[in-house]
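Remarks on the structure that follows.
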Amino acid sequence: MGQNDLMGTAEDFADQFLRVTKQYLPHVARLCLISTFLEDGIRMWFQWSEQRDYIDSTWNCGYLLASSFVFLNLLGQLTGCVLVLSRNFVQYACFGLFGIIALQTIAYSILWDLKFLMRLSRTSWAQL
């Protein structure tokens, strides 16, 4: 079997595979794009008290305000994920998810955490 035969067989297999999976690929791609938000939202659901206590102890804002923040974060992430996956109001969902990122950056003091930023920078440079 020559190299041309092997390439032809590989192309035929790829074409057949794409014909079968073509309708599922957009959904899988969307799921991959929002997987971080989905995981974070589910984790907030199961670690509600830890998240609330962390916000309360970090910002000294009280039980009610900390609970409201965690609820807003949870609702914003899961609602954005559902809207993106269902292809309804995708632009608004993306703006909402971006807003959640901005909110978390401020609330969890990520922007001013030099250790976190250096770790992020080192990871980014290692990928290049």
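These values consider heavy atoms only, across backbone and side chains, with no hydrogens, waters or symmetry-generated copies.
- Lys22 NZ to Asp15 CG: the interatomic distance, rounded to the nearest 0.5 Å, is 10.5 Å.
- Gln91 has its side chain within reach of Phe95: a pair of non-hydrogen atoms, C-beta onward, lies under 4.5 Å apart.
- Taking 4.5 Å as the limit, every side-chain heavy atom of Cys94 sits out of range of all side-chain heavy atoms of Phe98.
- The minimum heavy-atom distance linking Gln77 with Gly41 is given by the pair OE1-N, 3.1 Å.
- Under the salt bridge (Lys or Arg N to Asp or Glu O under 4.0 Å) criterion, Asp56 pairs with no residue, sequence neighbours left out.
- A pairwise comparison of heavy atoms in Trp45 and Leu74 identifies N-CD1, 3.7 Å as the closest pair.
- Between Ala107 and Phe69 the shortest heavy-atom distance is CB-CZ, 3.3 Å.
- Note: the hydrophobic cluster containing Phe71 also contains Leu78 (ILVMFWY, side chain heavy atoms under 4.5 Å, direct or indirect links).
- A tilted orientation is assigned to the rings of Tyr92 and Phe89, their planes being inclined by 30° to 60°.
- Distance check, rounded to the nearest 0.5 Å: CD1 of Ile100 to CG of Asp40 gives 9.5 Å.
- Every side chain to side chain contact (heavy atoms under 4.5 Å, CB included) that Asn88 has, sequence neighbours left out, goes to Leu83, Ser86.
- Following chains of ILVMFWY side-chain contacts shorter than 4.5 Å, one can reach Ile55 starting from Leu103, so the two form part of one hydrophobic cluster.
- Leu25 belongs to a hydrophobic cluster whose other members, connected by ILVMFWY side-chain contacts under 4.5 Å either directly or through intermediates, are Leu18.
- In the displayed structure, Arg87 atom CZ is contacted under 6.0 Å by at most 12 heavy atoms of other residues, nucleotides or ligands.
- Here the straight-line distance linking atom CD of Glu39 with atom SG of Cys81 works out to 10.5 Å at 0.5 Å rounding.
- Gln23 pairs by the side chain to side chain contact (heavy atoms under 4.5 Å, CB included) definition with nothing, not counting sequence neighbours.
- For Tyr54, the ring-ring contact (aromatic ring centres under 6.0 Å, His included) partners two or more places apart in sequence, or in a different chain, are Tyr108.
- Hydrophobic clustering places Phe46 together with Met44 (ILVMFWY residues linked when any side-chain heavy atoms are closer than 4.5 Å, directly or through intermediates).
- With sequence neighbours excluded, the residues satisfying side chain to side chain contact (heavy atoms under 4.5 Å, CB included) with Leu85 are Arg30, Leu31, Ile34.
- A heavy-atom distance below 4.5 Å is found between the side chains of Phe37 and Ile101.
- Closest non-hydrogen pair, Ala66 versus Cys61, comes out as N-SG, 3.8 Å.
- The hydrophobic clustering, which links ILVMFWY residues whose side-chain heavy atoms are closer than 4.5 Å, places Tyr63 and Leu72 apart.
- Of all the heavy atoms in Gln104 and Asn73, the pair that sits closest is NE2-OD1, 3.1 Å.
- Looking at every heavy atom in both residues, Gly80 comes nearest to Ala93 through O-CB, 3.8 Å.
- The distance from the CG atom of Leu65 to the CZ atom of Arg52 is 12.5 Å, given to the nearest 0.5 Å.
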